There are 2 protein chains.
Amino acid sequence: MAATIEPQLLTESTQDYLKAIYELTQAGGGAATSSIADRLSVSPASVTNMVQKLAERQPPLVTYRKHYGVELTNEGRLAALRTVRRHRLIEQFLTHVLGYSWDEVHQEAERLEHAISPLFEERLAILLGEPRFDPHGDPIPDANLTLPDSCALPLYRAAPGQVVRVCRVRNDNPALLRYLDELGLRPGLRVRVISSQPVDYTLQVELVDYDKQVVLGQALGEAVMVEAI
Amino acid sequence: MAATIEPQLLTESTQDYLKAIYELTQAGGGAATSSIADRLSVSPASVTNMVQKLAERQPPLVTYRKHYGVELTNEGRLAALRTVRRHRLIEQFLTHVLGYSWDEVHQEAERLEHAISPLFEERLAILLGEPRFDPHGDPIPDANLTLPDSCALPLYRAAPGQVVRVCRVRNDNPALLRYLDELGLRPGLRVRVISSQPVDYTLQVELVDYDKQVVLGQALGEAVMVEAI
DNA sequence: GCTATAATTTAGTCTAGACTAAATTATAAG
DNA sequence: CTTATAATTTAGTCTAGACTAAATTATAGC
Ligand SMILES: [Mn+2]
Ligand SMILES: [Mn+2]
Ligand SMILES: [Mn+2]
Ligand SMILES: [Mn+2]
């Protein structure tokens, strides 16, 4: 069992780097210097610099081979999951208690995730009823940092004719989220795939609950994750 | 009307310096370099350095004359009040929504006050019902940064025989707050002064609501603020 | 008016985390 | 196998905000 590092021992920057590496790794693409730089809006040189420090820490938070990218150690992964937990709990709080819309929460949580204490995290989880998913359907690691299962099928890969349920929206872009919200494409809703174009990734779907048809482009078809009903 | 500076344009450090200067000035003693240093747990040299920057900003946030201490400009005062408002709203939230005790809130609010957005501040105030006082009885500036009146009489100056109501506790020390809490000396409660020693500042008082007598030393007699009933 | 003392300021460093520009490396294409 | 290109790393700076040690200043007491 790796000793878990308390968040207050990590700077805000360090927490954001670890989280970015974790999320890039989850997304499958691997955590290249440039992708970390893009995600955090810093220069590639800054990433190299930070990544070298993370690798030289005791205990090391990443393993790093020059020019071949970076991976989280177990300590690094736990630290990242801790920040992910806080981020998503805060998003849930913002929507359910403070009445934020789901496109407003990310920015706010991005700062607050670094400012809360372990006590705050614990009390917040209790207040919210130990939620397993955030407003975007993103899974919230529990207090032991175990992630609940979450759906893995992007809408654009669902078979035509199939009726599925939206369970997650993997995109932070506020404009995209507002648009999905207008359409009514939120976690929990049912969708029937009418047609699916493999070439240009456009979709025609029916929102079963609203008896409404909409056309979705590539960005939306990739962002909306679904599960079979 | 001075333009008010949005908090996100001020660093965490800057906000804390302005707040410290504001609170020292309120307490009456004047904001000397060394008292700011004490309050923020930094060296006097660091204070001089920061104070010079605050004076040279456009607009200036303080006026500064070497060796004679520092005063807030109107812009500086408004920025300080904004941070005070956030701090006290957060303390109220922590006690009333997350179940913190009043000795735990200060530390947490000291970080969160810098991390919330104007929207969070506004929604929080609505959620809490636009409270005018925080858990310690400290007045909360309203959205226009106007402070409600708060009581000004320290318990040690109340006349023997007088029955008064506790309205505020001016002290951040967790041990002192826990002790007052045990005694039952919280805002709202009635106290009758039995005796008051001007020399060693000890007090003997009766907690009218609990029909209990206690003896208070100088620190407590100065911290507990009361109003005539 | 002088001087001892305490408070304050100056001068010089340090660290974290960013940046740009230049150098290096991996690799795809010929 | 060579080379062009893109990605990455290195080298050198910068800023904010802290520090210590040394110098300076205000002022209280003689
Ligand atoms: Mn963040
Ligand atoms: Mn989310
Ligand atoms: Mn603070
Ligand atoms: Mn308070």
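These numbers come from a predicted model, not from an experiment. By convention in this document, chain letters (A, B, ...) are assigned in the order of the sequence lines, proteins followed by strands, and residues within each chain are numbered from 1. Just the heavy atoms: all of them, side chains too, but no hydrogens, waters or symmetry mates, feed the values below.
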| message | Distance alone, cut at 3.5 Å: any donor-acceptor contact between the side chains of N144(A) and T146(A)? | response | no
| task | Establish, with yes or no, whether the OP1 or OP2 oxygen of dA6(D) is under 4.0 angstrom from a side-chain nitrogen or oxygen of S34(A). | result | no
| message | Assess, by modelled atom type and distance only, whether the side chains of D134(B) and H87(B) contain a donor and an acceptor separated by less than 3.5 Å. | response | no
| Under 6.0 Å between ring centres, would you say that holds for Y64(A) and Y17(A)? | no
| field | salt_bridge(E6(B), R82(B)) N-O dist < 4.0 Å | value | yes
| said: dT9(D), OP1 or OP2 - any side-chain N/O from T33(A) closer than 4.0 Å? | reply: yes
| task | Measure the acute angle between the ring planes of Y201(A) and Y156(A), then classify it against the limits of 30° and 60° as parallel, tilted or perpendicular. | result | perpendicular
| field | G-U wobble or Watson-Crick pairing nucleotide for dC19(D) (cut-off 3.5 Å, both distances) | value | dG12(C)
| message | Measure CZ/R57(B) against P/dT15(D) and give the value in whole Å, please. | response | 16 Å
| note | Scanning all shown strands, the Watson-Crick or wobble mate of dA4(D) with both distances under 3.5 Å is dT27(C)
| field | Between C1' of dA6(C) and CG of D38(B), the distance in whole Å | value | 14 Å
| Between P of dT8(C) and CD of Q52(B), the distance in whole Å | 13 Å
| Please give, in whole Å, the distance from dA16(C) C1' to L54(A) CG? | 12 Å
Using a cut-off of under 3.5 Å, enumerate the N/O to N/O pairs linking the protein to nucleotides 17-19 of chain C.
from	atom 1	to	atom 2	distance (Å)
dG17(C)	OP1	T11(A)	OG1	2.4
dA18(C)	OP1	S13(A)	OG	3.0
dA18(C)	OP2	S13(A)	OG	3.3
dA18(C)	OP2	Y17(A)	OH	3.2
dC19(C)	OP2	S43(A)	N	2.7
dC19(C)	OP2	S43(A)	OG	2.9
dC19(C)	OP2	S46(A)	OG	2.6

| Salt-bridge contact E227(B)-R168(B) (side-chain N to carboxylate O under 4.0 Å) | no
Every protein N/O within reach of nucleotides 22-28 of chain D N/O, cut-off under 3.5 Å:
none

| request: Using only heavy-atom distances, determine whether the side chains of E222(A) and Q218(A) contain a donor-acceptor pair under 3.5 Å. | output: yes
| said: Using a strict threshold of under 4.0 Å (side-chain N to carboxylate O), is an ion pair present between E113(B) and K19(B)? | reply: yes
| query | Taking 4.0 angstrom as the limit, do E75(A) and R57(A) come out as a salt bridge? | reply | no
